[in-house]
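Below: one structure, written as structure tokens.
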Amino acid sequence: MVLRKYFNNATGGLLTALTSNNNTNSEEIQQLEAMGFPRERIVHALNATDNNVERAAELLLLGVSEADYPTSSTAAATTAANGHNARDNNDNGNGGTHVAAHNEDQMRRAIEESLQVNQRQEANNLRRAEVASLQNNKNIKNKAKVVNKKTSKTPAAASANVIDLTGDDSKPAATISKTKRNTAVKSAAAVNAGKAAVSRFSNNKNTTNNNKNNSSPTSKTLSQTHPNVKLPTKLQSKSKEEQILRTANRVKPHVMAVDTLLRVLLSVRSAPDNIKFRVIDRSNANYVQYVRDVPGAEDLLLAMNYRRNSHSSKNELRLERHLVDDALLYLGISALEQMRESEEYKLGKKLRAFHAEMRRIGKGQKEQQNLTEGEMEVRLQYLTKCPKEPPVGRGAIMNVELGDEREKIDGGLASRRFDGDDTLADVLNWLGGCYGDELLDKLRSREWCLCDLNRYPILPLDVEKHSNKTLQYIGLFPSGKLGVRLSEDSWRDGDEIMDDIHGSARGLGAASRSMLY
């Protein structure tokens with residue numbers, strides 16, 4: 001009796017559920033049919049979504065296969081089981097929860113499968129596009145090679161290897177099959193890349209041909225870009241007279257260049273037929289040292305009709321006999337003689353004599369074994385007045401140069417260490433021991449001067465006035481660099497320096513320039 005009662009209750013619940021489902025499904029089926037879905041799929045979707053019209057419409061729109069829907073018998077059995085469980089649980093309200101969870105799981109699986117299908121399709125499309133792009137690039141390279149070798153092949157062989165991109169149906173069957181096999185799948189990106197590559201290849205070829213054909217420069221000249229700018233006339237374009245005067249004016253500070261050029265022109269004028277006077281060896285040592293690199297020297301010779309001999313392997317300047325012009329020779333000689341009266345030439349002459357004296361003094365210091373007994377005794381007396389030289393690491397190194405540094409006088413550099421409290425007189429005694437009393441006499445008479453080369457502008461030191469001053473006070477500590485120079489006329493006459501005394505003190509505790517001068 002108990003089993004029969006339980007069976008009747010289950011059967012009644014199932015019939016009730018089916019009746020209620022049929023009553024409600026009729027309206028929902030009509031709504032979905034109005035959207036254009038077939039009735040059979042609508043029934044399956046409603047059974048799968050517990051008669052939820054919105055979720056059933058989502059399933060139908062996503063195109064989920066019917067195999068993923070629960071069958072009608074399964075839905076009915078589920079409904080009956082849910083009704084039976086509902087009665088057993090005394091209306092706890094948990095019967096519909098399991099159905100909803102199952103439907104949610106079905107919906108999630110359907111959406112995931114749809115997304116996976118779309119991703120696989122996109123990946124396949126990308127792979128096909130990459131393969132097509134690589135194949136298209138390979139075809140373009142093959143086409144370029146075929147175009148380059150077209151002249152060495154027969155027309156038949158060329159037509160068999162060239163890939164036709166025009167889409168002409170009249171090409172041979174072998175070529176058609178090869179083209180189809182090479183370009184089976186092409187994406188838009190691959191096609192555009194191929195067109196760009198072909199365009200670059202053709203542009204480069206055209207540019208190369210244009211450069212070969214147009215060898216003339218296309219850049220604009222200065223007169224076109226800057227019409228208001230006026231350049232001075234080149235020296236070669238001026239008259240011979242102006243060339244000679246300008247070049248002679250540039251040469252006048254260089255004493256040896258002026259004397260050498262004047263001697264050459266005088267020799268040519270005195271003996272124009274002597275080839276020895278009309279040929280100048282540019283590799284000669286004296287010419288290289290005194291003439292070749294002097295501004296305006298060779299230009300003066302070229303203005304006198306000297307020419308570089310381009311037909312001979314010798315490096316020389318040659319004046320042909322028929323180009324000897326007495327008027328030009330007279331003008332050049334007179335211009336050089338006039339330069340010898342200029343102040344620049346006279347000063348250069350004095351400097352040359354001064355440096356000759358410096359070389360003689362430096363040679364005497366280097367060859368002390370050739371000195372007489374009287375000279376040796378004088379130098380020893382000066383050295384006995386010098387303080388003891390500080391050890392290495394102490395004191396200031398004092399460097400003294402004879403003449404201009406550019407002259408590189410042999411034996412003209414002396415070096416020694418002094419303490420900061422040593423005086424200028426100690427330095428003078430040391431110089432007397434190195435070079436003798438001749439140097440000190442010229443410094444005291446102001447014919448020559450002792451200059452501090454570490455200051456600018458370079459000014460002479462008064463060896464009489466500052467002889468008892470310490471090196472630190474004068475500014476020669478912790479390092480000093482002195483030079484023996486030829487005195488100017490104002491310093492030789494004993495005039496005080498009134499100009500160019502600006503500048504800061506050099507060294508800790510050093511006096512200012514205004515105090516020294």
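The figures here come from the full heavy-atom set of this structure, side chains too, leaving out hydrogens, waters and symmetry mates. Being a predicted model, the structure only gives us computed values, none of them experimental.
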task: Run through L323, V279, L317 and flag the one making a side chain to side chain contact (heavy atoms under 4.5 Å, CB included) with Y306.
output: L317
- request: Check whether any side-chain heavy atom of R416 sits under 4.5 Å from a side-chain heavy atom of E389, and report yes or no.
  value: yes
query: Going through the distances and angles, do L413 and V400 end up as a side-chain contact (heavy atoms from CB on, under 4.5 Å)?
result: CA-CA 6 Å; L413 178 63; V400 180; over 6 Å; no
- prompt: Atom CG in L482, atom SG in C451: separation rounded to 0.5 Å?
  reply: 9.0 Å
- line: Tightest non-hydrogen contact, residues F477 and G395, listed as CE1-C, 4.1 Å
field: Pair D421-D419, side-chain contact (heavy atoms from CB on, under 4.5 Å): steps then yes or no
entry: CA-CA 5 Å; D421 55 354; D419 285 325; 3.2 Å; yes
- request: Report the C-alpha distance between T247 and L235 in whole Å, list the side-chain angles of each, state the deciding distance to 0.1 Å, and finish with yes or no for side-chain contact (heavy atoms from CB on, under 4.5 Å).
  value: CA-CA 9 Å; T247 53; L235 182 63; 4.0 Å; yes
task: Nearest 0.5 Å please: distance from the CD1 atom of I280 over to the CD atom of E316.
output: 10.0 Å
statement: Tightest non-hydrogen contact, residues L476 and A396, listed as O-CB, 4.2 Å
- request: Would you sort out whether L46 and I42 count as a side-chain contact (heavy atoms from CB on, under 4.5 Å), showing the intermediate values?
  value: CA-CA 6 Å; L46 288 174; I42 292 172; 3.9 Å; yes
task: Output yes when E298 and R308 qualify as a salt bridge under the 4.0 Å nitrogen-oxygen rule, no when they do not.
output: yes
field: Spacing of NE2 belonging to H254 relative to CG belonging to D293, to within rounding of 0.5 Å
entry: 10.5 Å
message: Could you measure the distance from the CZ atom of R417 to the CG atom of D422? Nearest 0.5 Å is fine.
response: 12.5 Å
task: Please tell me if the side chains of M304 and L319 come closer than 4.5 Å, counting only heavy atoms from C-beta onward.
output: no
message: Quick check: closest heavy atoms across V251 and L261, and the distance to 0.1 Å?
response: CG1-CD1, 4.3 Å
query: Is there side-chain contact between H355 and D404, with at least one heavy-atom pair below 4.5 Å?
result: yes
- request: Would you kindly say whether N399 and S415 are connected by a side-chain donor-acceptor distance under 3.5 Å?
  value: yes
query: What is the distance from atom CG of N124 to atom CD of Q119, rounded to the nearest 0.5 Å?
result: 12.0 Å
E28 and T49, any side-chain heavy atoms less than 4.5 Å apart: no
task: Grab the two heavy atoms, one from I458 and one from D452, that are nearest each other, plus how far apart they are.
output: CG2-O, 4.1 Å
- request: Could you tell me whether R282 atom CZ has more than 12 heavy atoms of other residues or ligands within 6.0 Å of it?
  value: yes
Closest non-hydrogen atom pair between T260 and M256, with its separation: OG1-O, 2.7 Å
message: Measuring only between side-chain heavy atoms, which start at C-beta, is N284 closer than 4.5 Å to R292?
response: no
- prompt: Is the number of heavy atoms from other residues, nucleotides or ligands within 6.0 Å of CD (E405) greater than 12?
  reply: no
message: Tell me whether the count of non-hydrogen atoms from other residues, nucleotides or ligands lying under 6.0 Å of CD1 in I397 goes above 12.
response: no
- prompt: Does any non-hydrogen side-chain atom of K408 lie less than 4.5 Å from one of R406?
  reply: no
message: Does any part of the side chain of D281, heavy atoms only, come nearer than 4.5 Å to the side chain of Y287, both counted from C-beta?
response: no
field: Where L402 and G411 come nearest, the two heavy atoms and their spacing
entry: CD1-O, 4.5 Å
query: Considering residues, nucleotides and ligands other than E242, do more than 12 of their heavy atoms fall under 6.0 Å from its CD?
result: yes
- prompt: Going from CD on E344 to NZ on K252, what distance comes out if it is rounded to the nearest 0.5 angstrom?
  reply: 4.0 Å
NZ or CZ of R39 within 45° of F37 ring axis and under 6.0 Å: no
